[in-house]
K.L.:
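Before I ask anything, let me first share the structure, which is written out below as structure tokens.
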Amino acid sequence: MQMSRIVPALMLGALASAGALEITSGAGPGLDPDSMSYLIAANTLKHGSGLRDIERDWFAADSTMPLAHWPPGYPIAIAGAERAGAGGIEGARIIGALAAFVSIAAIVWIVSGAAGAGAGMVAAVVVMLTPAVVQVHESVLSEPLFIALLVLTLWAMVRAPDRPLIAGVCAGLASIVRYAGVSLVGAAILWSLLRAGSLRQRIARAAVAAVPAAVLLGAWVLRTMHSAGTASIRQLSIYGEITSTLHEGWATASEWLVPGMDQSLGIFVAAGIAVLVVMAIWESRRIGEVPREVLAIALLAACYVTLVLASRIIADPGIPLDDRMMAPLLVLLEIAIVLAVVPAWRGWPRAGRVALAIALVVWCAAALRVSLDSARYAVGTGN
């Protein structure tokens, strides 16, 4: 049984890793202003000047300033790769490839343990073909590392529930890779509180899950307050007007639901998926077998969405609901859909199983076409 999970996990993880290296070859990987900050901070850290960023004030006396707007986790990882002998960009490519391996291998392991090896492979393939996931792996961005830590947090929550420190460490590391990782910390704490046990046991578990993030984020905030001067992590205010952000989020979701097709079809696909999931969960509830993985994913997704929208309202009006921001959520949704539907699918009439299989093949073909076009462009132009 273990071997039936280990082999597909390693094989698909290796395939994802090789793919991540391939789509960042040629003229790649893609670079943007965020990439500049990550690479500069990694380089200054490697040379003993601490984590510093480009100074964007033309009248400043110094050309750099302490890194504050971005968390330190990803630049530290790149600096580690540089110290091991890789260049900054090559180090980022290696980190992206390793993150892809961990993400896909862990997805296969989690889903296979709950719904069988076939379901694990389906979930992994769907995630690997998802255009938003492919696109964040094409550039020097923190999302691939964050997604890997997200999946590991999920694994720790469902496979090591009596060891909250493991989930706490994964979530804590995610929180210093992307500030959105604070949502993972919240989910790990709530998961510990909601599990069976006395009130004292629940509070103790939750406290243990919170410790790694408290230490890591606390140290980063204190460092930033001490060294960043007038710079700050974010300027808190009430920014309001979130309608355009929500429209962008729906556009991103539609591109995921019907890749490369008319986005107006997205609402129908979303409705169909919702019906399938509700039917599957209802059947699971009837027989008392709602997978705990689905419950953990629901908690992680709810915390992530809540934090992102709250951050958009009070911390940064520029937060978009684009592929980068939505990719982690799409990964969670895809895992949950497979976990919810596959067990029920086995008991459906043959016609229903065939129809769903055809729909899955059509989606995979469409997603593959969009992802291949994106990858070719990335290799040819560096985005």
K.L.:
Taking all non-hydrogen atoms of both residues, which atom of Ser192 and which atom of Arg205 are closest, and how far apart?
P.N.:
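The answer is O-NH2, 2.9 Å.
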K.L.:
Against Trp155, only a single residue in Ile166, Leu150, Val102 fulfils side-chain contact (heavy atoms from CB on, under 4.5 Å); can you say which?
P.N.:
Ile166
K.L.:
Do Val133 and His137 have side-chain heavy atoms sitting under 4.5 Å apart?
P.N.:
yes
K.L.:
State the CG-CG distance between Asp34 and Leu39, to the nearest 0.5 angstrom.
P.N.:
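Going from CG on Asp34 over to CG on Leu39, the span is 11.0 Å.
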K.L.:
Which distance, rounded to the nearest 0.5 Å, do you find between the CG of Leu190 and the OG of Ser183?
P.N.:
11.0 Å
K.L.:
If you compare all heavy atoms of Ser37 against all heavy atoms of Asp53, which two are closest, and at what distance to 0.1 Å?
P.N.:
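Looks like OG-OD1, 3.0 Å.
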K.L.:
State yes or no: do Leu257 and Val134 share one hydrophobic cluster built from I, L, V, M, F, W and Y residues joined by side-chain heavy-atom distances below 4.5 Å, directly or via other members?
P.N.:
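Result: no, two separate clusters.
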K.L.:
Determine the minimum heavy-atom distance between Ile104 and Ala124, stating which atoms define it.
P.N.:
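Looks like CG2-CB, 3.8 Å.
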K.L.:
How about Arg163: does its CZ atom have over 12 heavy atoms from other parts shown lying under 6.0 Å from it?
P.N.:
no
K.L.:
Calculate, to the nearest 0.5 Å, the distance between atoms CD1 and CD1 belonging to Ile78 and Ile40 respectively.
P.N.:
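Between Ile78 CD1 and Ile40 CD1, I get 11.0 Å after rounding to 0.5 Å.
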K.L.:
For Leu300 and Met157, what are the C-alpha separation, side-chain angles and deciding distance, and is it a side-chain contact (heavy atoms from CB on, under 4.5 Å)?
P.N.:
CA-CA 10 Å; Leu300 284 163; Met157 288 169 63; 4.0 Å; yes
K.L.:
Counting only N and O atoms by type, is there a donor-acceptor contact under 3.5 Å from the side chain of Ser175 to the main-chain atoms of Val182?
P.N.:
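Flag not set: sc Ser175 to bb Val182 has no pair under 3.5 Å.
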K.L.:
Where is the tightest heavy-atom contact between Pro259 and Arg369, given as atom of each residue plus distance?
P.N.:
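Looks like O-NH2, 4.5 Å.
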K.L.:
Taking the side chain as everything from C-beta on, heavy atoms only, tell me whether Asp162 gets closer than 4.5 Å to Arg195.
P.N.:
yes
K.L.:
Are any of the side-chain heavy atoms of Thr130 and Trp363 separated by less than 4.5 Å?
P.N.:
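Yes, close enough: below the 4.5 Å cut-off.
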K.L.:
In terms of the angle between their ring planes, are Tyr38 and Tyr74 parallel, tilted or perpendicular, with boundaries placed at 30° and 60°?
P.N.:
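Rings of Tyr38 and Tyr74: perpendicular, as their planes differ by over 60°.
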K.L.:
Determine whether Ile89 and Leu31 make a side-chain contact, defined as any pair of heavy atoms from C-beta on separated by less than 4.5 Å.
P.N.:
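The answer is yes; the side chains approach within 4.5 Å.
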K.L.:
Pair Ile335, Val331 - check side-chain contact (heavy atoms from CB on, under 4.5 Å), show working.
P.N.:
CA-CA 6 Å; Ile335 298 171; Val331 170; 4.0 Å; yes
K.L.:
Just verifying a value: how many Å separate Phe101 CZ and Leu12 CG, rounded to the nearest 0.5 Å?
P.N.:
10.0 Å
K.L.:
At what distance, to the nearest 0.5 angstrom, does CD1 of Ile319 lie from CD of Glu248?
P.N.:
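Nearest 0.5 Å value for the CD1-CD distance: 11.5 Å.
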K.L.:
Does a donor on one side chain sit under 3.5 Å from an acceptor on the other, for Ser35 and Asp32?
P.N.:
yes
K.L.:
Are Leu152 and Val211 connected in a single hydrophobic cluster, I mean Ile/Leu/Val/Met/Phe/Trp/Tyr linked by side-chain heavy atoms less than 4.5 Å apart?
P.N.:
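In one cluster with Val211: Leu152, no.
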K.L.:
Begin from the C-alpha positions of Glu255 and Asp323 and carry the test side-chain contact (heavy atoms from CB on, under 4.5 Å) through to its verdict.
P.N.:
CA-CA 9 Å; Glu255 291 173 1; Asp323 286 333; 4.1 Å; yes
K.L.:
Is a side-chain donor or acceptor of Arg159 paired with a backbone partner of Ile110 at a separation under 3.5 angstrom?
P.N.:
yes
K.L.:
Between Ile54 and Leu141, is there a shared hydrophobic cluster once you connect ILVMFWY residues whose side-chain heavy atoms come closer than 4.5 Å?
P.N.:
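Unlinked, Ile54 and Leu141 end up in two clusters.
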K.L.:
Just checking, any donor-acceptor pair under 3.5 angstrom between side chains of Thr64 and Arg52?
P.N.:
yes
K.L.:
Hey, does Arg93 have a side-chain heavy atom less than 4.5 Å from the side chain of Ser25?
P.N.:
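Counting from C-beta outward, Ser25 and Arg93 do come under 4.5 Å.
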K.L.:
Compare every heavy atom of Leu330 with every heavy atom of Ala132, then report the nearest pair and how far apart it is.
P.N.:
CB-CD1, 3.9 Å
K.L.:
Determine whether Leu51 and Trp70 make a side-chain contact, defined as any pair of heavy atoms from C-beta on separated by less than 4.5 Å.
P.N.:
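The answer is no; the side chains never approach within 4.5 Å.
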K.L.:
If you group Ile, Leu, Val, Met, Phe, Trp and Tyr by side-chain heavy-atom gaps below 4.5 Å, do Leu246 and Trp250 land in one group?
P.N.:
yes
K.L.:
Show, in sequence, the C-alpha distance, side-chain angles and deciding distance for Cys303 and Leu299, and conclude whether the side-chain contact (heavy atoms from CB on, under 4.5 Å) test is met.
P.N.:
CA-CA 6 Å; Cys303 289; Leu299 183 59; 4.2 Å; yes
K.L.:
Quick check: closest heavy atoms across Leu329 and Ala301, and the distance to 0.1 Å?
P.N.:
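Where Leu329 meets Ala301 most closely, the heavy atoms are CD1-CB, 3.7 Å.
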K.L.:
Donor-acceptor pair, distance only, cut-off 3.5 Å: does the side chain of Ser17 make one with the backbone of Ala97?
P.N.:
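Checking the backbone N and O of Ala97 against the side chain of Ser17, a donor-acceptor pair under 3.5 Å is found.
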K.L.:
Find out if a path of hydrophobic residues (ILVMFWY) with successive side-chain heavy-atom gaps under 4.5 Å connects Val151 to Val177.
P.N.:
yes
K.L.:
Could you tell me whether the side chain of Leu321 reaches within less than 4.5 Å of the side chain of Val308, counting heavy atoms only?
P.N.:
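Yes; the side chains approach each other to less than 4.5 Å.
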K.L.:
Does Trp256 reach the side chain of Pro131, with side-chain heavy atoms less than 4.5 Å apart?
P.N.:
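They are not in side-chain contact.
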K.L.:
Roughly how far, to the nearest 0.5 Å, is CE of Met128 from CE of Met121?
P.N.:
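Separation between the atoms: 8.5 Å.
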K.L.:
Does Arg178 reach the main-chain N or O of Glu143 with its side chain, forming a donor-acceptor pair under 3.5 Å?
P.N.:
no
